[in-house]
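Just so you know, residue 1 is the first one in the sequence shown, and it goes up from there. Only a predicted model underlies this, so the values are computations on that prediction, with no experimental measurement involved.
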Amino acid sequence: MSAASFLHGIPSALTPPARPTSFSRLSSYEKQQPENNTHDIPLLPNRLYDPPSPQPSQNWSPPSKHRPSHLSLSSSAAFTRDYGPDDQFDPNALYQPLTNHPGGQFINTPQTDDGFLITPSPSLFPNGLPKPPPCHPLPFAQSFEQPHWRKIALHIFLVALAYPILLIFVIIARDKSLFWSRFVVSIGCGIIGFGLGLSLINLGRPFLEAATWATIIHQSRMNEASGVRLRDLAATSQDPTSAFSALRLLWTRWMYPGTTRRNRKRYDSRPWSLAIAFFLLLVITAAALPFILGRIVSITTNVTHQRVEYYEIPVKGDLSDNDIASGSALQKIFEDEWAITWTLAPFSTHGSLPPAISYPWEGDMVYFSEAISSQFVEGGSGFGTFEEETTTPSLDAQDTKEVSLSATVAVDPGSLLRYPRWGIRTHCEKLPDPAVNILPKANGTGYTYMFTPRSTLQSLFSSFNMDLPTLWESPLNASVAMQGTDTLPSDINVDDMSLSAYFYDNGVAHSMKSWPLTMGQEGFGWVSVEAVMVRLNTTYAPNGTFGTYSDEIILDVNAQETRIGYDAAVCLELFEAYILETYNSTVGLPSTVGIIGRNATVMNAPTEDGALEKKKGSSLPDGVKTQLNSTGLAGVYTVVHGNSVNQLIKDNGRDAFYVPSPTVVSYTGSTGPYGYAELNADYFAQARTLADASNILPYFAGSADTLARMYPDRVLASTSIHTVYMVALIITVLGLGIIAGLFVPKLPYGLPHRGFEVYSWLAAFHGDELVGTYATTVGMPRNMPLKDIEEKMGDLKFRYGF
């Protein structure tokens with residue numbers, strides 16, 4: 001409550017008897033009242049205005065020499081004691097000593113010391129007069145007020161609860177979305193910050209109150225221009241918890257000369273501005289606590305995958321009719337014009353194709369081609385359009401687009417995509433008994449022949465739990481197997497053989513041969529038998545081991561005898577449809593996570609917690625393929641299969657026959673130009689499957705839309721408390737509160753503490769502690785608006801009545 005408000009709102013019943021005064025000046029409110037009602041207007045005697053003819057009362061004494069009479073509200077008797085200008089106020093003088101009554105009770109015994117103030121007030125204190133205020137518990141702090149222990153204990157209790165309460169909110173905020181996590185943490189920080197801040201302000205408010213009253217006392221000691229304007233007093237008391245009030249008080253102290261250290265050093269040399277600064281520190285700390293607590297709590301986000309809620313979206317995962325037509329148009333080049341060894345893309349841009357990836361499935365490694373970003377954007381496509389800009393990626397070095405990522409660009413969470421893709425499994429075995437089953441060089445044509453026993457094929461098919469096709473159950477037809485005038489070696493038993501192949505004597509270190517078992521017309525994929533013939537000059541394989549050697553001796557550059565070593569392997573390769581899970585986000589390239597199942601249609605998959613998948617959103621329109629099917633793709637398969645084989649063959653020697661290459665050496669698991677060891681079926685299976693996954697599978701994804709399930713990621717927040725910072729904050733808040741509670745400075749002359757509450761104003765205006773600088777008063781009508789009171793009385797000065 002401010003001083004101006006108290007002046008207007010004090011009850012008339014508590015108004016002390018008016019001293020004789022002159023009412024020659026009336027306010028505008030009084031002049032407007034009818035004359036016959038003038039005697040009904042209650043007039044409050046006060047010392048607010050400066051009348052033209054001062055009339056001091058009979059009991060008036062100069063303010064600079066005497067303390068006004070202390071008034072008992074229950075009695076008109078008043079007793080006075082004179083205080084000198086340098087005398088200290090003794091609060092014990094206000095209380096009567098207690099004397100032990102014969103009946104065992106303590107009673108108040110009045111003293112007869114002349115000039116001592118006696119305030120008999122049994123009506124105000126029915127339980128007896130209060131005891132004198134205790135001294136400060138610290139011997140060195142007698143210039144400070146008695147601590148308010150309840151406020152200090154409450155502050156310590158709130159500080160002790162801060163960490164566990166904040167920890168509760170932090171735990172609640174975990175594993176929620178970022179919005180709700182921030183919301184919960186903000187509530188917790190706000191509650192704790194509000195509680196601690198309110199406690200700090202309550203402990204710091206006495207500092208502002210003491211500094212305000214000290215300002216009045218300091219200015220009251222000035223002989224000239226004594227007193228403080230009511231406007232300045234009201235500005236501080238109206239909002240006693242505001243930093244603006246403290247700044248206004250600093251300005252007030254700077255404006256009044258009585259507050260300077262030079263003018264008051266004789267009776268009070270304490271730095272009161274530091275008390276105001278400390279109050280400002282408490283207010284700023286209290287206001288900043290929610291913000292500081294919010295920074296102490298660390299909130300990080302974790303992207304977690306979920307596989308329950310999904311949307312159906314289209315992805316570019318299959319070939320359209322136009323894609324099939326464009327691919328089939330190239331079939332003649334790969335079938336009839338094999339001499340040019342054509343490929344779909346230059347070798348220099350081969351690295352732009354998506355990499356091959358592999359994942360285990362039912363004891364085998366299945367190889368796939370990685371997805372590309374253009375498959376998941378509107379208007380995009382895979383490499384299967386067989387157009388120049390897609391089959392030869394990044395040819396034009398000038399056709400580049402600069403992409404810049406700003407820190408202000410939002411990055412959306414990614415998602416898991418499930419849709420069918422073609423995968424490859426390959427099993428290989430070395431050709432048994434190569435000295436018999438390989439004819440290094442026929443006498444007629446000079447071709448190299450290899451003969452595959454039926455047992456080898458049966459072993460390969462049984463490894464996939466498949467039966468040997470009936471067309472290979474019959475004995476080998478020698479007339480079909482041998483070319484020109486070449487004859488079948490006498491060691492070959494045609495009844496045991498199922499396949500034969502011949503290879504030109506062209507100096508290529510590794511040659512391929514394929515026998516497609518199906519061209520995809522059944523819809524489930526492709527099955528083919530693949531063979532490799534390795535021919536290498538032993539000069540370049542000093543540590544090499546071969547199945548057989550040529551009879552012809554070749555002299556090297558050093559006139560050393562060398563031969564051509566031969567070895568071969570046979571493989572069974574399957575192209576099948578699998579459901580793969582791929583992670584796609586707004587940043588980075590798509591990344592396949594793993595295999596969901598072997599199926600041509602995306603279906604529900606079991607979740608870890610057994611929850612059922614839930615579809616969200618609407619279904620896709622007609623025209624989106626829901627199943628991966630190989631029907632009608634025979635021409636495309638021929639083209640992409642030939643592309644892969646030609647890519648392998650291109651890695652070959654240039655100026656000499658049967659020299660090694662990195663690809664040939666990799667079939668043995670070794671490295672280096674002279675590192676060829678011995679053909680290994682497993683290493684060749686891995687190399688061949690990787691090559692086909694890189695050069696065949698990317699072209700099975702064109703511009704056709706395929707149904708995919710999108711499982712959006714969940715962005716969950718993880719919250720924690722910085723323990724070191726939290727402990728430092730708790731110690732700081734605790735220390736500030738204890739200091740504020742223990743060291744409130746006493747008023748000058750040891751006067752009792754006065755604040756801004758109603759009891760302080762009661763003591764100030766009805767105990768004559770605050771008196772106007774004029775001896776006479778005028779009447780102030782009832783129900784006068786506070787705005788008018790402030791306007792008419794704001795510049796009136798008050799001083800402390802010593």
Side-chain angles (χ1 to χ4, degrees), residues 358-368 422-434 436-438 449-478 480-481 492-502 511-534 547 567-578 595 597-600 628 630-631 633-634 637-638 641 644-645 667 679-693 696-697:
S358 61
Y359 295 95
W361 180 258
E362 295 181 352
D364 285 330
M365 292 299 295
V366 187
Y367 290 78
F368 304 90
W422 295 111
I424 303 176
R425 289 191 296 167
T426 304
H427 289 176
C428 295
E429 289 188 9
K430 284 192 64 175
L431 186 69
D433 198 3
V436 174
N437 295 324
I438 294 178
Y449 287 88
M450 66 169 290
F451 304 94
T452 304
R454 187 175 299 106
S455 59
T456 302
L457 294 178
Q458 288 176 340
S459 175
L460 290 174
F461 277 90
S462 62
S463 65
F464 286 117
N465 296 320
M466 299 173 60
D467 295 331
L468 184 68
T470 56
L471 70 102
W472 289 329
E473 292 283 357
S474 56
L476 179 67
N477 189 341
V480 176
I492 298 297
N493 185 357
V494 295
D495 294 334
D496 297 334
M497 300 299 165
S498 294
L499 291 175
S500 67
Y502 63 93
S511 301
M512 308 292 176
K513 178 65 176 179
S514 299
W515 294 271
L517 180 62
T518 174
M519 294 299 292
Q521 62 273 15
E522 296 85 1
F524 59 80
W526 299 267
V527 179
S528 67
V529 174
E530 306 288 335
V532 60
M533 173 61 69
V534 175
D567 218 336
V570 182
C571 305
L572 181 61
E573 188 175 46
L574 307 182
F575 289 77
E576 303 165 305
Y578 292 84
I595 301 174
R598 189 170 66 186
N599 205 328
L628 203 59
S630 62
T631 302
L633 300 182
Y637 174 78
T638 300
H641 182 273
S644 181
V645 171
Y667 298 161
L679 179 63
N680 185 286
D682 293 334
Y683 284 118
F684 173 72
Q686 182 182 22
R688 178 59 191 269
T689 312
L690 282 172
D692 290 348
I696 295 178
L697 297 184

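Sorted by first and then second residue, the salt bridge (Lys or Arg N to Asp or Glu O under 4.0 Å) pairs involving residues 456-466 (not counting sequence neighbours) form an empty list.
A donor and an acceptor atom, one from each side chain of Glu429 and Ser459, are located under 3.5 Å apart.
Under the rule for a side-chain hydrogen bond (donor to acceptor under 3.5 Å, both in side chains), the partners of Arg425 that lie at least two apart in sequence or sit in another chain are Asp364, Glu576, Tyr578. Ser528 is linked by a side-chain hydrogen bond (donor to acceptor under 3.5 Å, both in side chains) to Glu530, counting only residues two or more places apart in sequence or in another chain. A search for ring pair (Phe, Tyr, Trp, His ring centres under 6.0 Å) contacts involving Phe451 returns nothing, not counting sequence neighbours. Taking Thr452 as the reference, nothing meets the side-chain hydrogen bond (donor to acceptor under 3.5 Å, both in side chains) condition, with sequence neighbours excluded. The side-chain hydrogen bond (donor to acceptor under 3.5 Å, both in side chains) search around Thr426 returns Thr689, not counting sequence neighbours.
Note that the CG atom of Leu468 and the CD atom of Gln458 stand 5.5 Å from one another [nearest 0.5 Å]. For the atom pair CG (Leu690) and OG (Ser358), the distance works out to 7.0 Å, reported to the nearest 0.5 Å. Here CH2 of Trp361 is found 6.5 Å from CD1 of Ile595. Values are rounded to the nearest 0.5 Å. The distance from the CG atom of Leu628 to the CG atom of Asn599 is 10.5 Å, given to the nearest 0.5 Å. We find the CZ-CG distance between Arg454 and Leu476 to be 9.0 Å, quoted to the nearest 0.5 Å. Once rounded to the nearest 0.5 Å, the distance linking CG of Leu633 with CD of Gln521 reads 11.0 Å.
In plain terms, the two heavy atoms of Leu697 and Gly423 that are nearest each other are CD1-CA, 4.4 Å. Among all heavy-atom pairs drawn from Ala693 and Ile424, the shortest one is N-CD1, 3.9 Å. Here the closest non-hydrogen pair linking Ser514 and His641 is OG-CE1, 2.9 Å. In this structure, Met512 and Val532 approach most closely via the heavy-atom pair SD-CG2, 3.9 Å. Contact detail for His427 and Ser463: the closest heavy-atom pair is ND1-OG, 2.7 Å. Taking each heavy atom of Ala577 and Arg598 in turn, the nearest pair found is O-CG, 3.4 Å.
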Does the side chain to side chain contact (heavy atoms under 4.5 Å, CB included) test come out yes or no for Leu431 and Thr456, once each step is laid out?
CA-CA 8 Å; Leu431 186 69; Thr456 302; 5.6 Å; no
Would you check, one step at a time, whether the test side chain to side chain contact (heavy atoms under 4.5 Å, CB included) holds for Val529 with Val570?
CA-CA 7 Å; Val529 174; Val570 182; 3.7 Å; yes
Steps toward side chain to side chain contact (heavy atoms under 4.5 Å, CB included) verdict (Leu517, Trp526)
CA-CA 8 Å; Leu517 180 62; Trp526 299 267; over 6 Å; no
Would Tyr359 and Tyr367 count as a side chain to side chain contact (heavy atoms under 4.5 Å, CB included) here? Give the steps.
CA-CA 7 Å; Tyr359 295 95; Tyr367 290 78; over 6 Å; no
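Within the 4.5 Å cutoff, the side chain of Arg688 has heavy atoms near those of the Val645 side chain. In this structure, Asn437 and Met497 have side chains that are in contact, with non-hydrogen atoms separated by less than 4.5 Å. Side-chain atoms of Tyr637 and Ser630, non-hydrogen and from C-beta on, never get closer than 4.5 Å to each other. You'll find the side chain of Pro453 reaches within 4.5 Å of the side chain of Pro432, heavy atoms only. Leu574 places a side-chain heavy atom less than 4.5 Å from the side chain of Met466. Residues Phe464 and Val527 are not in side-chain contact: their nearest non-hydrogen atoms beyond the backbone lie 4.5 Å or more apart. Ser500 places none of its side-chain heavy atoms less than 4.5 Å from the side chain of Tyr449. By the 4.5 Å heavy-atom criterion applied to side chains, Phe684 and Asp682 are not counted as neighbours.
Residue Trp515 forms a side chain to side chain contact (heavy atoms under 4.5 Å, CB included) with just one option from Leu471, Leu457, Leu499, and that option is Leu499.
Summarising the local packing, CG of Asp467 is surrounded by 12 or fewer heavy atoms from other residues, nucleotides or ligands at distances under 6.0 Å. Annotation for Phe368: atom CZ counts as buried by contact number, over 12 foreign heavy atoms lying within 6.0 Å.
Side chain of Thr518 to backbone of Gly520: a donor-acceptor contact under 3.5 angstrom is found.
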